There are 2 protein chains.
Amino acid sequence: MDQSTAPETSATDDLPFDVFSKQCPSRGLLEHATGRWGALTLGALYEESLRFNALRRRVDGVSEKMLSQTLHALERDGLVHREAQLTNPPRVDYELTPLGREVAERLLGLIHFVEGRMPEVLEARARYDARETRA
Amino acid sequence: MDQSTAPETSATDDLPFDVFSKQCPSRGLLEHATGRWGALTLGALYEESLRFNALRRRVDGVSEKMLSQTLHALERDGLVHREAQLTNPPRVDYELTPLGREVAERLLGLIHFVEGRMPEVLEARARYDARETRA
DNA sequence: CTGGATCCCAGCCGATACTG
DNA sequence: CAGTATCGGCTGGGATCCAG
């Protein structure tokens, strides 16, 4: 039943944190990291540390509220570090923690992969929609 | 018989799909794949092909509606293949397409990574909350 | 067994206004 | 510049019933 190509996860794995379980806190972390804005925020910060409004410009379409909320969640999870200078005007830099960099790396791998395969996906969608329309 | 899918869009080879842009369709795909149920569904199907209710049991907490909806989106994107046998009782198997396997692989890399780092994350959360509570 | 259709609520999220 | 507070619409998502 074990496939040699499968990762060393099995349904019987007694890992302390199993994201497939409803109450596992890792599910929350995964949602913060891969959520609509979390993934893009981590991706943007992987390239360079950014200030609030620069980040807002980089992550096209995010509102102040959601960016603020996303950053709080990621900071709380220990993926993002907030560096505030109480100058006038105020300046706050956001940067990834070492843990955040590792998460962002894997996320960017996925992001770049899907960007590269979009033509296939678009074709699949067209085929699917054509079938549905006929029916 | 099938109209050749002429890829004359290759004129826009200059990064045609940028997930950081608001209107890019890759953002939708990323959300399907990394969304709350999409990621877990792909992860479950990477291990083995599953039938509807088996999948529902594996992805703890998902409702029929959301699983159905998630599967439709992933099928439309060409990540999941639906194999129906019109027997009685009906039997439907869901399996990953080759593209879906590649996405799921990267997703599982991320999932296993965050599962393994949960202790750090929980510590970070405790520290953050302690700071906030004092303030 | 597989899922579609419907009802309905909570929360996500954007827009706006305000503070330091 | 860097956010917080508040309101309100929209939709994600659960519960339930029902059809094939």
Side-chain angles (χ1 to χ4, degrees), chain A residues 20-23 27-41 44-45 48-76 80-95 128 131-133 135, chain B residues 21-23 27-41 44-45 49-77 80-95 128 131-132 135:
Chain A
F20 286 102
S21 294
K22 183 158 50 175
Q23 302 296 354
R27 205 180 264 196
L29 170 61
L30 191 67
E31 282 164 25
H32 292 158
T34 66
R36 185 172 181 194
W37 303 121
L40 297 176
T41 300
L45 288 177
E48 55 180 334
S49 294
L50 289 169
R51 299 168 58 180
F52 189 86
N53 280 322
L55 201 45
R56 192 152 176 252
R57 258 170 271 119
R58 181 78 176 102
V59 181
D60 191 21
V62 70
S63 67
E64 287 183 7
K65 178 182 167 182
M66 290 317 297
L67 181 56
S68 172
Q69 193 171 301
T70 300
L71 285 168
H72 277 308
L74 295 177
E75 189 192 355
R76 188 171 103 98
V80 163
H81 176 65
R82 182 178 185 278
E83 188 77 31
Q85 303 169 33
L86 280 80
T87 59
N88 191 346
R91 179 192 173 103
V92 181
D93 286 272
Y94 291 93
E95 61 184 338
Y128 183 94
R131 239 182 302 126
E132 293 307 293
T133 301
Chain B
S21 292
K22 183 159 49 174
Q23 305 296 356
R27 205 180 266 194
L29 170 61
L30 191 67
E31 282 162 27
H32 292 159
T34 67
R36 185 171 181 194
W37 303 121
L40 296 177
T41 300
L45 289 178
S49 293
L50 290 170
R51 298 170 55 182
F52 190 84
N53 279 325
L55 201 44
R56 192 154 172 247
R57 260 171 269 118
R58 180 78 176 103
V59 180
D60 191 20
V62 70
S63 68
E64 290 182 7
K65 177 183 165 183
M66 289 318 297
L67 181 55
S68 172
Q69 193 172 300
T70 300
L71 285 168
H72 276 308
L74 295 177
E75 189 193 355
R76 189 171 104 99
D77 289 343
V80 163
H81 175 67
R82 183 177 184 279
E83 189 76 31
Q85 305 170 32
L86 280 80
T87 59
N88 192 343
R91 178 193 174 103
V92 181
D93 286 274
Y94 291 93
E95 61 184 336
Y128 183 94
R131 240 183 301 125
E132 293 307 292

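So you know, we letter chains A, B, ... as the sequences are listed, proteins then strands, and number each from 1. In this text, all values refer to a predicted model and were calculated from it rather than measured experimentally.
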(message) Restricting to side-chain contact (heavy atoms from CB on, under 4.5 Å), what partner residues turn up for Ala44(A), sequence neighbours left out?
(response) Leu50(A), Leu55(A), Arg58(A), Val59(A), Phe20(B)
(message) Tell me which residues in residues 32-39 of chain A lie within less than 4.0 Å of DNA chain C, going by non-hydrogen atoms.
(response) Arg36(A), Trp37(A)
(request) Could you identify which residues of residues 66-74 of chain A place a heavy atom less than 4.0 Å from some atom of DNA chain C, listed by residue number, or say none? (result) Met66(A)
(message) Under 4.0 Å from a heavy atom of chain A: give me the 5'-most and 3'-most nucleotides of DNA chain C that qualify.
(response) dC13(C) to dG20(C)
Set of residues satisfying salt bridge (charged side-chain N to carboxylate O under 4.0 Å, His left out) with respect to [X], sequence neighbours excluded:
X: Glu75(B); value: none
X: Arg57(A); value: none
X: Glu64(B); value: Arg56(B)
X: Arg91(B); value: Asp93(B)

(message) So does Trp37(B) get a backbone contact from the side chain of Thr70(B), meaning a donor-acceptor N/O pair under 3.5 Å?
(response) no
(request) Kindly say whether Ser21(B) contributes a backbone atom to a donor-acceptor pair with the side chain of Asp60(A) at under 3.5 angstrom? (result) no
(request) Any chance you could measure His32(A), atom NE2, to Gln69(A), atom CD, to the nearest 0.5 Å? (result) 9.0 Å
(request) Can you pull out how bent the helix from dC1(C)-dG20(D) to dG20(C)-dC1(D) is, comparing the axes over its first five and last five pairs, to 10°? (result) 40°
Take atom [atom1] of [X] and atom [atom2] of [N], then tell me their distance rounded to the nearest Å.
X: Glu64(B); N: dG14(D); atom1: CD; atom2: P; result: 11 Å
X: Asn88(A); N: dC1(D); atom1: CG; atom2: C1'; result: 9 Å
X: Lys22(A); N: dG13(D); atom1: NZ; atom2: P; result: 15 Å

(message) Measuring only between side-chain heavy atoms, which start at C-beta, is Thr41(A) closer than 4.5 Å to Leu74(A)?
(response) yes
(request) Check whether any side-chain N or O of Asn53(A) sits under 4.0 Å from OP1 or OP2 of dA2(D), and answer yes or no. (result) yes
(message) Is there a side-chain contact between Arg51(A) and the phosphate of dC1(D), meaning an N or O under 4.0 Å from OP1 or OP2?
(response) no
(message) I'd like to check the side-chain hydrogen bond (donor to acceptor under 3.5 Å, both in side chains) partners of Glu95(B); sequence neighbours left out, ordered by chain and number.
(response) none
(request) List in chain and number order the residues that pass side-chain hydrogen bond (donor to acceptor under 3.5 Å, both in side chains) with Arg36(A), two or more places apart in sequence or in another chain; answer none if no residue qualifies. (result) none
Please give me the minimum heavy-atom distance between [X] and [Y], naming the atom from each residue.
X: Ala84(A); Y: Val92(A); answer: CB-CG2, 4.0 Å
X: Lys22(B); Y: Gly61(A); answer: CD-CA, 3.7 Å
X: Leu45(A); Y: Tyr94(A); answer: CD2-O, 3.3 Å

(message) Does atom CD (Gln85(B)) have a neighbourhood of more than 12 heavy atoms from anything else shown, all under 6.0 Å?
(response) yes
(request) Report the relative orientation of the aromatic rings in Tyr128(B) and His72(A); use parallel for angles under 30°, tilted for 30 to 60°, perpendicular for over 60°. (result) perpendicular
Dump every N/O contact between nucleotides 8-10 of chain D and the protein below 3.5 Å, one line per pair.
none

(message) Of the listed nucleotides (dG3(D), dG20(D), dC1(D)), which one gets closest to any side-chain atom of Pro90(B)?
(response) dG20(D)
(request) Quick one: label Arg82(A) by what it contacts on the DNA or RNA (base, sugar-phosphate, nothing), any heavy atom closer than 4.0 Å. (result) sugar-phosphate
